[in-house]
Amino acid sequence: MNIFRLAGDMTHLASVLVLLLKIHTIKSCAGVSLKTQELYAIVFATRYLDIFTSFYSIYNTLMKLIFLGSSFSIVWYMRYHKTVRRTYDREQDTFRHWFLVLPCLLLALLIHEKFTFLEVLWTFSLYLEAVAILPQLVLLQRTRNIDNLTGQYVFLLGGYRGFYILNWIYRYLTEPHFVHWITWIAGLVQTLLYADFFYYYFQSWKNNKKLQLPA
Amino acid sequence: VARDDVKDEL
């Protein structure tokens with residue numbers, strides 16, 4: 001564990017907690033993409049199957065359980081909670097997220113380190129996580145006026161990605177065999193998807209204005 | 001050669 005990975009994990013945790021808090025306390029999921037949340041639930045469910053097969057640390061297991069629990073809770077709130085579900089922007093959140101799942105699965109079947117069930121699913125989760133934010137970014141662009149919490153959620157998620165890149169550079173320099181092309185390229189693609197959002201986020205922050213994305 | 005060390009990440 002290094003400081004960059006810890007900072008990345010903490011911003012990731014904060015992003016999820018901000019979103020859960022928003023949904024739980026103000027009973028609204030306006031501006032939140034259910035498609036993205038479902039994709040994250042799939043990402044965690046396929047990546048963390050190894051809690052049954054390998055143990056790394058209490059920290060690792062605990063965080064996995066938190067991410068699994070929170071992502072499925074958010075999906076549950078948005079789909080089934082009687083107040084929250086009515087605030088969901090169903091008409092705007094039209095991204096065909098299943099069209100992301102299939103190509104990622106095919107890619108994982110073609111490009112992986114080992115052809116085993118767990119390894120292919122783990123690789124699939126990396127590819128899917130890279131593109132899972134797309135429905136959320138499209139929804140933000142469509143609704144344009146973004147409340148602070150939704151903006152902070154995406155900002156914190158982007159921060160998590162940035163710290164993970166620093167973590168990989170650090171590990172590459174300090175651990176002799178740390179070379180993981182699949183993880184790095186998927187992670188880099190994911191981080192680049194946030195670049196446009198970050199540009200407008202900082203513009204609005206600099207001008208002390210409410211975040212607005214161009215149509 | 002890649003080892004499984006990246007799996008300790010989240």
Visitor: Take a 6.0 Å sphere around CZ of R85(A) and say whether it holds more than 12 heavy atoms from other residues, nucleotides or ligands.
Guide: no
Visitor: Check this for me: L109(A), atom CG, are more than 12 non-hydrogen atoms of other residues, nucleotides or ligands nearer than 6.0 Å?
Guide: yes
Visitor: Counting only heavy atoms from other residues, nucleotides and ligands, does the tally under 6.0 Å from CH2 of W205(A) exceed 12?
Guide: no
Visitor: Do any N or O atoms from the side chain of Y48(A) and from the backbone of L10(B) form a donor-acceptor pair under 3.5 angstrom?
Guide: yes
Visitor: Considering only heavy atoms from C-beta outward, does the side chain of D9(A) approach that of E9(B) to under 4.5 Å?
Guide: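 Side-chain contact under 4.5 Å: no.
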Visitor: Is there a donor-acceptor pair closer than 3.5 Å between any side-chain N or O of N60(A) and the backbone N or O of D8(B)?
Guide: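 The answer is yes, because a donor-acceptor pair under 3.5 Å joins these two groups.
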Visitor: Looking only at non-hydrogen atoms, find the nearest pair between K64(A) and K7(B) and report the distance.
Guide: NZ-O, 4.5 Å
Visitor: Look up atom NE2 in H177(A) and atom CG in D5(B), then write down how far apart they are to the nearest 0.5 Å.
Guide: 9.5 Å
Visitor: Looking at R5(A), M1(A), H12(A), which one has more heavy-atom pairs under 4.5 Å with chain B than the rest?
Guide: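 Winner by heavy-atom pair count: R5(A).
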Visitor: What do the steps show when you test W122(A) against V6(B) for side chain to side chain contact (heavy atoms under 4.5 Å, CB included), and what is the final call?
Guide: CA-CA 11 Å; W122(A) 181 83; V6(B) 75; 3.7 Å; yes
Visitor: Report, as yes or no, whether the 6.0 Å neighbourhood of atom CZ on F198(A) holds more than 12 heavy atoms from other residues, nucleotides or ligands.
Guide: yes
Visitor: Sort W181(A) into side chain, backbone, both or neither according to what part of it lies under 4.5 angstrom from a heavy atom of chain B.
Guide: neither
Visitor: Can you tell me if Y172(A) has over 12 outside heavy atoms packed within less than 6.0 Å of its OH?
Guide: no
Visitor: Counting heavy atoms not belonging to F52(A), are there more than 12 under 6.0 Å from its CZ?
Guide: no
